[in-house]
Amino acid sequence: MTQGKIAVVTGSSSGIGLLTAVELALNGYRVVATMRNPETRDRLEEAAQKAGVLDRLDMRRLDITEMDSLPGAVEAIVRDYGRIDVLVNNAGFSVAGFAEDMTLDELRRQLETNFFGNVAMTKAVLPVMRAQKSGHILTVTSVAGRLGQPMLSAYSASKYALEGWSESLRIETHSLGIRVALVEPGAFDTDIWERNVVIAQGSLDPSSPNRERSQRFAEFVKGSAKHRRDAREVAKLIVLIAKDPNPKLRYLIGGDAKLQIWLKRLVPWRRYERMVAKAVKID
Ligand SMILES: NC(=O)c1ccc[n+]([C@@H]2O[C@H](COP(=O)([O-])OP(=O)(O)OC[C@H]3O[C@@H](n4cnc5c(N)ncnc54)[C@H](OP(=O)(O)O)[C@@H]3O)[C@@H](O)[C@H]2O)c1
């Protein structure tokens, strides 16, 4: 029974967050769909209108890196709805480029959002779920949180950190009635690849020793766009996990993600590394 349950989604202006907000609403949840810039609400409004669930969505401004504002935002939700049954930590972005070309500031910015922002949001919601003795905290990490991906060292680091933190949190909160689960997508068709990607400044510098390899990698990414899957699959999975009273820790999703994990497990490590470098054209 999901009727009357309250879900909070971060980063719902596009991609997986947008689709998850709609899918949760279609499944009877009242959804507080948060986004850092409410001026970008049109796409969500349109999708929700089309699905006939606009009246089940409450769009609010929330930037997960404005950490001091998060407890107040959560308090306001509880004041208005009385509880939070599901938190979907979805907001995130990726910095791309060779580790050598990436500045420490770029690495910090990546961790600030993908790790500290999601941690701060979870910490703001934890007292509410503790008091309720129930709640699901579902965090979208990535297959890149299970294997280091070339050109995405900062992104992989942020997702590994989130995986480790959540793994600990899950053990700490199980007896409180709180369920923590991780969603680990492979490549899905969203704005993360183009509109929202941040290219490390050093990679754009013509004098970078990696310039030519960076260009080959960019061509590989462009060429692989057609293989990205429909992000609705991820949204549907998130709803299934939200409804499961006892979810697993990890949910890997996407044939590419499953293949990568399978290869990592079965192929000798040095061979695996060579295969990856060749596949993404940086060898
Ligand atoms: N698509 C994939 O292939 C894939 C694979 C693995 C994991 N993921 C993960 O899936 C999650 C959603 O990404 P997506 O693929 O749906 O990409 P997306 O379309 O770019 O969506 C990312 C969302 O996060 C929001 N966001 C970024 N920084 C934020 C902040 N500081 N506070 C609040 N919201 C913020 C963005 O808001 P703006 O619109 O304001 O930029 C946007 O709504 C991310 O955590 C990503 O790492 C995606």
Side-chain angles (χ1 to χ4, degrees), residues 8-23 32-45 47 59-70 73-74 87-96 108-122 124 137-147 149 151-152 154-163 166 182-198 221 224-238 250-258 260-261:
V8 177
V9 182
T10 65
S12 51
S13 60
S14 71
I16 295 169
L18 181 154
L19 295 166
T20 300
V22 172
E23 205 58 39
V32 181
T34 68
M35 57 191 77
R36 60 181 164 172
N37 181 4
E39 280 159 26
T40 59
R41 65 198 292 156
D42 297 11
R43 279 209 280 177
L44 176 57
E45 255 171 19
M59 296 177 210
R60 297 190 181 196
R61 185 185 175 281
L62 189 139
D63 182 328
I64 60 167
T65 61
E66 290 175 5
M67 286 146 200
D68 292 345
S69 75
L70 302 181
V74 167
L87 168 64
V88 182
N89 282 316
N90 162 78
F93 76 104
S94 72
V95 181
R108 281 198 188 96
R109 219 184 116 201
Q110 179 76 97
L111 273 112
E112 192 66 6
T113 299
N114 289 12
F115 179 63
F116 289 107
N118 283 300
V119 166
M121 189 60 199
T122 303
I137 298 171
L138 313 182
T139 299
V140 184
T141 60
S142 169
V143 65
R146 299 271 297 277
L147 37 81
Q149 291 186 330
M151 309 297 284
L152 289 174
Y155 183 73
S156 280
S158 70
K159 297 293 189 178
Y160 263 82
L162 206 46
E163 290 248 335
S166 303
L182 298 166
V183 181
E184 304 169 325
F188 286 84
D189 189 20
T190 69
D191 287 357
I192 202 167
W193 300 93
E194 283 165 33
R195 182 178 70 89
N196 285 337
V197 71
V198 174
V221 173
S224 59
K226 55 183 175 294
H227 301 302
R228 288 176 208 144
R229 298 165 71 105
D230 186 341
R232 225 169 303 255
E233 285 177 43
V234 184
K236 286 185 189 296
L237 173 64
I238 292 173
R250 293 194 161 85
Y251 293 83
L252 195 62
I253 175 162
D256 59 330
K258 287 177 184 161
Q260 286 173 69
I261 295 297

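All ligand and atom numbering here is 1-based and tracks the order in the structure.
The CG atom of Leu19 sits 9.5 Å away from the OG1 atom of Thr190 when rounded to the nearest 0.5 Å. Atom CD of Glu184 sits about 4.5 Å away from atom OG1 of Thr141, to the nearest 0.5 Å. Rounding to the nearest 0.5 Å places OG1 of Thr139 at 9.0 Å from NZ of Lys159.
Side chains of Asp63 and Ser69: no donor on one and acceptor on the other come within 3.5 Å.
Using a heavy-atom distance under 4.0 Å as the criterion, the protein contacts of ligand 1 are Gly11, Ser13, Ser14, Gly15, Ile16, Arg36, Leu62, Asp63, Ile64, Thr65, Asn90, Ala91, Gly92, Thr113, Val140, Thr141, Ser142, Tyr155, Lys159, Pro185, Gly186, Ala187, Phe188, Thr190, Asp191, Ile192, Trp193, Arg195, Asn196.
Results of the side-chain contact (heavy atoms from CB on, under 4.5 Å) test with Tyr155 over Leu111, Asn114, Val95 single out Asn114 as the only residue that passes.
Contact of the Met121 side chain with the Thr34 side chain is not registered, since no non-hydrogen atoms from C-beta on lie closer than 4.5 Å.
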